[in-house]
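Read through the structure below, which is laid out as structure tokens, and then see the notes.
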Amino acid sequence: MLAVTNIHKAFGTNEVLRGVDIMVEKGDVVVLLGASGSGKTTLLRCINFLELADQGHIRVGGIDIAFRDARKKDIHAIRRKISFVFQNYNLFNNKTALENVTEGLIIGRGMPKSQAVRIGKACLDKVGLANKFDSYPGQLSGGQQQRVGIARAVAVNPEVILFDEPTSALDPELIGEVLDVMKRLATEGTTMLIVTHEMSFARDVATKVVFMDEGNVVESGRPKEIFVKPKERRTRQFLQRFLGDSDYAI
Amino acid sequence: MNPRFIFETFLKLLPYLTVTLEYVSLSLLFGTLLGFLAAAAKLGRNRPLRWLANAYTTILRCTPSVVLLFLVFFILPAVMRNYLRINVDAWPALFFVVVTFTLFLGASQSEVMRGAYLAVDRGQFEAGVSVGMTEWQSFRRVVLPQAFFFALPNLTNTVIYLFKEGSLAFTIGVVDIMGKAYLVNATNFGLKALDVYLALALIYWPLSVFFEWLGRLLERRFGYTQVKPEAGKTAESVRGRGRSSIRGVRA
Amino acid sequence: MNLDYDFMLETLWLALPGILVTFEIALVASAAAVPVGLVLGIIRARRVPLLSQLARVYISFIRGTPLILQIFLVYNSFPSILAVVFARLGVEYNIFNLNPVVYAFIVFSISETAVLAEVFRAAITTVDKSQLEAAYSVGMTAFQGYRRIVIPQAMSAALPSLCNSITDLIKATSLAFTMSVMEITAIAKKQGAMKLSFIEAYLDIFLLYCILIFTVEKVLKILEKRARAYQQA
């Protein structure tokens, strides 16, 4: 489905990714955990070619290529198989909610408008925004914007959706509505690779948890394994900091 | 194109830069003063004065430089002769240039100053009063210095504007660099016009670039230490308050 | 001070058609400057190698020299350039019969293009880079992202500067008289010189410009507000 091997990325002398492998199977919900600065976001951005990785290999939906060898055409093809949900939503400010969703279908994929609108409406309905088709991003709350962002990512029917801290920019009371939508996607079998700090979401929804530190994958496994019996000292320290001692054994 | 002739002309024009800089500095001085008065009138409580200042700004904003220059050049002598009994016929044309651009600057600067004043948080003034300053002291010692740095980026633009727009002075017979170029062109019967004006461009262009560079330098120097965004506000939100770019502002 | 009101009114009437010439110049210059300026603005914002540097030199020259100087440069060099071009093309035309308004078109287009290139560059840089990333993420190409997402947003950010530059342009056309283009200034000046009534003539010019620019400014403000309506959420 999506396999990335030995990916390296440095900004100047700062090595952010030092040979990460990551594998997402169809229907997987993979959650990437790690302290800020551990390279999670950079990993997602490299996968979608928003940053160009220095080294490494990507395989997705029948395309199999080294990052450095990817030409414009390849990058475009890969992006059409992967969609992205941004931390700051990044909705198109000059487009309505519905247009935000249909834009990728009509322009990115050349779908006829009527069909795109039908899909767009269905996707917005799915995230609970059937009454907001014609609202501009500026008229929506953060949680609503992010749900449009998710609808936009779902609409293009990608092999995998990348979520880059989708709830980090939201006020606490708006986080729930976004997580609920993501949960529903998970139960429907949507393939997702998620960077988040929402531990209970990771524990309850993920099929696989990957813990990263200093640009490396330290440990990965089923959530139960990672949360209950982490093997590595660094994973334990991280979880302790995030969950506190009392939550530790849940 | 004849590089040698261009260079010779360049040297011929250069001394007249003093005339250019003369009207630039004089207009800047008087224009800023007038602008300050007009800004005070706009912000003040006196209604007729406020209306007058606003009308003045609007009219000047809607007038092309060359038109006001001609108007001042032809009307001011008549007005002064008739109403003030002063004969200005023998006064240098430079006088009219300075009057014209003082009027223009007064209008534009008053807007800049008004904006800069409004950009300073009201709380600053209140804080000044709260520690026992009089209103005037609070204005002069707290608000004004901060407003000055909001207005600073505009200074460069103003100088460059005067420097370039002042070239129109030749139309009323002032011999600055432009006026001299016009004369040199005439003595060559217009046969070397392109070379003459290229030589002139060799003065204007680098100097404008220099002024711009100098402005950026000043902004970085002063902007950095003086204007700080209040706690909880990013540099962007302070910058965004209606001011043009205030570079170098960091928390 | 006694003004000859009859003469003033007569000259005002005579100079009125000059407004059309003013609009003509402003229109032609804008029509050339908007598309070319946009392309240059994108080139500058994206720092396209070589082209960006070339654009920068051009913009710096136009912004760094007085308009009147640019007028004299074009007015004194283009006739011979055009003569060569016409000769190459085999066009039988005496270049000195050319309506001087053509040179006004050229000068004001050249200078307005540089102004707008800067306006558009600044506007494009105000559009967050993440907007383009979002466009990539839904499978658009860079060109599609610019056309559909970045440029529309940049345009509305550029609107106030764009309107300002148009009023500035109209003001600047008052210099076209130096190329013997018969617009407002030139007509009234000629009348004033004939009757030696300069004061009245220049008052006319002043009045006409004031009203003209004031009106244009107000109309543009209204249009601007309409165009930006969708954003005011």
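Each chain gets a letter, A, B and so on, in the order its sequence line appears, and its residues count up from 1. In this text, all values refer to a predicted model and were calculated from it rather than measured experimentally.
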Residue, of A:Ile107, A:Leu50, A:Leu105, A:Val156, that accumulates the most heavy atom pairs under 4.5 Å with chain C: A:Ile107
Per-residue contacts, residues 125-148 of chain C versus chain A, heavy atoms under 4.5 Å: C:Lys129, C:Ser130, C:Gln131, C:Glu133, C:Ala134, C:Ala135, C:Tyr136, C:Ser137, C:Val138, C:Gly139, C:Met140, C:Thr141, C:Gln144, C:Arg148
Between CD1 on residue A:Ile22 and CD1 on residue A:Ile47, distance to nearest 0.5 Å: 6.5 Å
Ion pair check, C:Lys171 and C:Glu217, cut-off under 4.0 Å: no
A:Asp171 (side chain) donor-acceptor with A:Glu173 (main chain) under 3.5 angstrom: no
C:Tyr75 and C:Tyr103 aromatic ring geometry - parallel, tilted or perpendicular at 30°/60° bounds: perpendicular
Portion of A:Leu91 that has a non-hydrogen atom of chain C nearer than 4.5 angstrom: backbone
Gap separating the CG atom of C:Leu212 from the CD1 atom of C:Ile170, nearest 0.5 angstrom: 5.5 Å
Whether over 12 other heavy atoms sit under 6.0 Å from C:Phe214 CZ: no
Check: C:Gln70 side chain, C:Val107 main-chain N or O, donor-acceptor pair, under 3.5 Å: no
A:Phe86 versus chain C, the contacting section by heavy-atom distance below 4.5 Å: side chain
Rounded distance [0.5 Å steps], CD in A:Gln87 versus CG in A:Leu170: 9.5 Å
Ionic contact status for C:Arg121 with C:Glu118, cut-off 4.0 Å: yes
Which atom of C:Ser161 lies closest to which atom of C:Val119, heavy atoms considered: CB-CG1, 3.7 Å
Most contacts with chain C, counted as non-hydrogen pairs under 4.5 angstrom, among A:Arg152, A:Glu103, A:Arg109, A:Arg80: A:Glu103
Residues of residues 25-57 of chain C contacting chain A, heavy-atom criterion under 4.5 Å, by residue number: none
Under 4.5 Å from any heavy atom of chain C - which part of A:Ile82: backbone
A:Leu17 versus A:Cys46, closest heavy-atom pair with distance: CD1-SG, 4.3 Å
Donor-acceptor pair, side chain of A:Asp125 and main chain of A:Ala122, under 3.5 angstrom: no
